[in-house]
Protein chains: 2
Amino acid sequence: MATISDVVKKSGISKSTVSRVINNHPSVSEEKRRKVLQAMEELAYTPNPTARRMRGTLKSSVGLIIPNVTNPFFSYLIHHIEQRLSEHSIRLIIMQSSESREKELEFLDLLKQKQVDGIILAAVENEMEAILPYLEYGPVMLCNEYVQTGEIPIVRLDQERAAYIGVRHLIEKGYRRIAYCTGGLFAEDGKDKDRNNGLRRAMEEEGLPIRPEWVFVDQHTIADGREVMRRLWQMDDRPDAIFTGSDEVAAGMTLSARELSIRIPEDIAVLGFDDQPLAELTYPQLTTIHQPIDEMGRLAADVMIRLFTEDKPQNMNYELPISIVERQST
Amino acid sequence: MATISDVVKKSGISKSTVSRVINNHPSVSEEKRRKVLQAMEELAYTPNPTARRMRGTLKSSVGLIIPNVTNPFFSYLIHHIEQRLSEHSIRLIIMQSSESREKELEFLDLLKQKQVDGIILAAVENEMEAILPYLEYGPVMLCNEYVQTGEIPIVRLDQERAAYIGVRHLIEKGYRRIAYCTGGLFAEDGKDKDRNNGLRRAMEEEGLPIRPEWVFVDQHTIADGREVMRRLWQMDDRPDAIFTGSDEVAAGMTLSARELSIRIPEDIAVLGFDDQPLAELTYPQLTTIHQPIDEMGRLAADVMIRLFTEDKPQNMNYELPISIVERQST
DNA sequence: TTGTACGCGTTATCAA
DNA sequence: TTGATAACGCGTACAA
């Protein structure tokens, strides 16, 4: 690989002037600029990114912290973020935290070491107090996670409204004995609290109770969904609909329903979440909440790129709309 | 961040000796080593990876070129490669080539610029002549792709045998009018040629013909599968089984089969490929070819790590076994 | 407008 | 065993 010194030799022009040409500085005479450009051309010269990085100029990589790539929600998120970043010649580094606090901090440390120039957090396990100090070393933002601090920009979907819309849909379809299954906790201030609040609001509006025995927390996988449906069917007093936290859990329910000869939606309606491709592969196909992952991914990339140049972003809170896709399971 | 100079000041020991301690050089007295280590500890010193990289030592990132992250096959591959690499503190950089030759070369260029220290190609669009020159700049290997050159290490699954096993399964189940649907081409030397050969071998052994009107090429998505089933049903002379190139295509077939009231496997058997999670979500669940993506990913990572230290790998060709998972669609 | 000299944080060479 | 010094490739005060 040719270096700047090679260009100097070939063109007979000083290093600083060559550097100016490379970086489009205004004060260079046309003649010298031409000569330098020609030398660069002939040598197929490209500035060494590592050297630039050491000088402190150059932003070329963004780290994305997610729980797991194999979750389609996140693989789509990766896709859209990567597409947009690559338009700006910025590389995306995948970091699977596997929901471990230690790994999360380990990855944030890469920002400190200037291994990445910014970090998009699409998973947050640590308290904000542990994360805020990293802001000193470079831009950090939240994507699909919501912890209001006033310091960290957030790009997210309106989960409260999403849950509200979902429950409204069930109610309008005539279901009133509604069970709830979430990937988070059913606490005032835990994970997925926004969805919980949306559920509560819709239920309260109709004067419907949320029955504790019909609430399932920390459910994520197809296997989890299978199990929940089985437990539901052992109850004497059963719900007539269940609102799940993900299409995968809902898909698991369709499986055990088939095994147990339970009819969906006649015996129980199942409402998914995410609108993943598999939502139309199950039998019956899932009614589900559509999340605009594509928009969210692109927006997150845009915000990060802006963060590279701006000091304080003008807008700290980006919220994207959510809609329901009606299929056959409700 | 503390630098080596800070350690020098704090410990009162020269830069070279400090560097020796950092890199575990033998010739350092116990006393000085202790002092240096203590200073490092107190300053929470970590060597700057960028500086190390510029010096030419340090391997810390591997690029993975894939067609698309959203394809579950590749998201699983990413998962397993990333897991193994992260055990060695090596970062994985995702590169979606979107099947573009230009993008592929653009990514390979990152090796030349020392932006990544090695490249795993899980997609190959360019001719090998275009790729071989990059070997000069660092390790390049193939994963799940097969182009024998003698220069580039290959980790892959035995696709010829996989296709052979699949067709054997259909034949043993009594199907004899077998259609074929591939993501590649049906040519002697094109993409997926190994699978084609496996198919041919199994068919010829039984004296069964491969009918051109029952061969579908370049089929990838759920939508593609839907369409193929529709076309099949417009034929006067129909097959009684179809061997597809991916579970997604097979899943698409189950969808249009339902729409057209075609029974699987009674009217037509459908054999998938990949054993993706969705294979047990379709109705009926798919019989499919299981590919050990986990082993392949880990092995690819191991081979790449070895490539960092060895000049010539002892083994250039790693081949992993494949098996069939029988469910309800055949 | 142009060029010289220095620094970014390491590691390697060489002489002591 | 130790330490002074050069070098990796680039950008930028500063002086001219």
Side-chain angles (χ1 to χ4, degrees), chain A residues 1-37 39-40 43-60 89 109-117 137-138 308, chain B residues 1-37 39-40 43-61 89 109-115 117 137-138 308:
Chain A
M1 288 290 290
T3 75
I4 198 171
S5 304
D6 297 325
V7 180
V8 169
K9 277 182 207 143
K10 184 134 206 149
S11 65
I13 294 170
S14 82
K15 198 159 64 163
S16 25
T17 301
V18 171
S19 175
R20 287 188 188 99
V21 173
I22 294 168
N23 296 288
N24 290 318
H25 272 280
S27 40
V28 176
S29 70
E30 252 335 293
E31 189 200 342
K32 300 213 170 187
R33 178 185 303 277
R34 218 176 24 70
K35 279 187 183 168
V36 170
L37 286 173
M40 283 168 55
L43 291 164
Y45 166 79
T46 327
N48 180 320
T50 308
R52 282 186 153 178
R53 176 178 289 265
M54 203 163 71
R55 287 285 306 155
T57 65
L58 185 71
K59 305 288 182 211
S60 72
S89 300
D109 249 25
L110 296 183
L111 187 61
K112 199 162 159 186
Q113 301 167 211
K114 308 270 182 229
Q115 288 276 67
V116 296
D117 305 303
Y137 304 108
F308 282 163
Chain B
M1 288 290 287
T3 74
I4 198 172
S5 305
D6 297 325
V7 179
V8 169
K9 277 182 206 143
K10 185 135 205 148
S11 64
I13 295 171
S14 82
K15 200 157 60 162
S16 4
T17 301
V18 171
S19 175
R20 287 191 188 97
V21 173
I22 294 167
N23 296 288
N24 290 317
H25 271 280
S27 41
V28 175
S29 70
E30 251 336 291
E31 188 200 342
K32 299 215 172 185
R33 179 187 304 277
R34 218 176 22 72
K35 280 187 183 167
V36 170
L37 286 173
M40 282 169 55
L43 291 164
Y45 165 80
T46 327
N48 181 321
T50 308
R52 282 186 152 177
R53 176 178 288 266
M54 201 163 74
R55 286 288 310 163
T57 65
L58 187 71
K59 304 287 182 213
S60 70
S61 67
S89 300
D109 250 23
L110 296 184
L111 188 61
K112 199 164 160 184
Q113 300 167 211
K114 307 269 182 232
Q115 288 276 69
D117 304 303
Y137 304 108
F308 281 164

Flag the pair [X] / [Y] as yes when at least one side-chain heavy-atom distance between them is below 4.5 Å, and no otherwise.
{"X": "A:T3", "Y": "A:N48", "answer": "no"}
{"X": "B:N23", "Y": "B:T57", "answer": "no"}
{"X": "A:V36", "Y": "A:M40", "answer": "yes"}
{"X": "B:S16", "Y": "B:R20", "answer": "yes"}
{"X": "A:D117", "Y": "A:R53", "answer": "yes"}

Taking OP1 and OP2 of D:dT1, is either one under 4.0 Å from a side-chain nitrogen or oxygen of B:T17?
no
D:dC8 phosphate, OP1 or OP2, under 4.0 Å from B:K114 side-chain N/O
no
Quick one: label B:I13 by what it contacts on the DNA or RNA (base, sugar-phosphate, nothing), any heavy atom closer than 4.0 Å.
sugar-phosphate
As a test of understanding, state which of B:R33, B:K35, B:R34 forms a salt bridge (Lys or Arg N to Asp or Glu O under 4.0 Å) with B:E31.
B:K35
Roughly, in whole Å, what's the span from NZ in B:K35 to C1' in D:dT1?
15 Å
B:Q113 CD - D:dC10 C1' separation (whole Å)
15 Å
Quick one, give me the B/S/- string for nucleotides 6-16 of chain C, reading 5' to 3', where B means a protein heavy atom under 4.0 Å from the base and S means that only happens at the primed atoms, P, OP1 or OP2.
BBBBBBB----
